Amino acid sequence: MKVLLTVLRRTHTAALRAANRRSLSSSPGSGLSPLRDEPLVVGSSSELVRRIGSQVEVRTSFISEEEEGAFMRELEPGLKKKRYEYDHWDDAIHGYRETEKLQWGAACAEVLNHVRSVSFPDGSELLGPVHVLDLDKAGYIKPHVDSIKFCGCTIAGLSLLSDSVMRLVKEDAPSEWLDLLLPRRSLYILRNEARYNFTHEILKDEESVFNGQRVPRLRRISVICRNLPSLTA
Ligand code: OGA
Ligand code: MN
């Protein structure tokens, strides 16, 4: 199981780490404006937000508090048996534990069907097991591109327990970037160019700022559905 989850991600490179050190030009937030009044996608230029914005989607309140509770009841017993991993310097993720799950109870299965129906192109073959990633409060995801060998054109993820900021950086032009605000209980979808030509990462708590506004990062669990690479691609 560990092997599959690890190959889903391509390890970040030194160049990507350098890109990640680029600091945002936006000013510090006043902390006064509520998150719901903010845009969910900002970027290095309005042209990029328009162009790549069509290949990223953030749907707020995609699941209810009750549905989030159903996921936690199904996931927490298994996750609690694992320890958070911090020390693998070459891993794309720091401070995490993860699992895959194929069989779900009725409430979660219904949500996952909904996720799949809004996210994937018709007829695309899906990766059967759903990927569950539990990031500790101190955990974060470094810039990486998901394996093109094992995953297809679309990545869809539910965020449980915490708001977070996902950053996309163009692989061959690190000055081109998008930040996505991922509120707790939202669904994000990355498609095509946004998935293949941009790295994605989840910012650590100390750097978790969206459009100048601080976004505290608590423990965060993501539930991620992927499709398989198409045979004709
Ligand atoms: C991954 C990944 C994003 C998330 O596991 O490859 O990018 O939302 N996860 O947890
Ligand atoms: Mn990924």
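In each ligand, atom 1 is the first atom listed, and ligand 1 is the first ligand listed. If you read the sequence from its start, that first residue is 1, and numbering goes on from there. Just so you know, these numbers use all the heavy atoms, side chains as well, and skip hydrogens, waters and symmetry mates. All values derive from a computational prediction rather than experimental measurement.
- Using a 4.0 Å cut-off between heavy atoms, Ile155 makes no contact with ligand 1 at all.
- The NE2 atom of His200, the Mn ion (ligand 2) and the NE2 atom of His144 define an angle of 90° (nearest 10 degrees).
- Here the closest non-hydrogen pair linking His94 and Lys142 is CB-CE, 4.4 Å.
- Atoms of ligand 1 lying under 4.0 Å from any heavy atom of Arg226, numbered from 1 in the order shown and given with element: 1 (C), 5 (O), 6 (O).
- Taking a cut-off of under 4.0 Å to the non-hydrogen atoms of Tyr188, the atoms of ligand 1 that pass are 3 (C), 4 (C), 8 (O).
- In this structure, Leu79 is a member of the same hydrophobic cluster as Val223, with clusters built from ILVMFWY side-chain heavy atoms closer than 4.5 Å.
- Of the heavy atoms in Lys142, none comes closer than 4.0 Å to ligand 1.
- For CD of Glu110, the number of neighbouring non-hydrogen atoms (other residues, nucleotides, ligands) closer than 6.0 Å is 12 at most.
- The Mn ion (ligand 2) is closest to atom OD1 of Asp146 (considering only N, O or S atoms).
- Side chains of Thr154 and Arg195: no donor on one and acceptor on the other come within 3.5 Å.
- For ligand 1 and Ser222, the ligand atoms under 4.0 Å from any heavy atom of the residue are 4 (C), 8 (O), 10 (O).
- Counting heavy atoms closer than 4.0 Å to ligand 1, residue His200 contributes side-chain atoms (C-beta onward) but none from N, CA, C or O.
- Note that CG of Leu75 and OG1 of Thr99 are 8.5 Å apart. Values are rounded to the nearest 0.5 Å.
- Proximity of Asp146 to ligand 1, defined as any heavy-atom pair under 4.0 Å, is confined to the side chain (atoms from C-beta onward).
- In summary, the atoms of ligand 1 found under 4.0 Å from a heavy atom of His131, numbered by their order in the structure, are 5 (O).
- Around the CD atom of Glu206, the shell of radius 6.0 Å holds more than 12 heavy atoms that belong to other residues, nucleotides or ligands.
- Proximity to Arg220 (heavy-atom distance under 4.0 Å) selects the following atoms of ligand 1: 4 (C), 8 (O), 10 (O).
- Between Arg191 and Glu57 there is a salt bridge, since at least one side-chain N of the basic residue sits less than 4.0 Å from a carboxylate O of the acidic one.
- Under 4.0 angstrom from ligand 1, the non-hydrogen atoms of Ile224 all belong to its side chain.
- The number of heavy atoms from other shown groups lying within 6.0 Å of CD (Glu76) is above 12.
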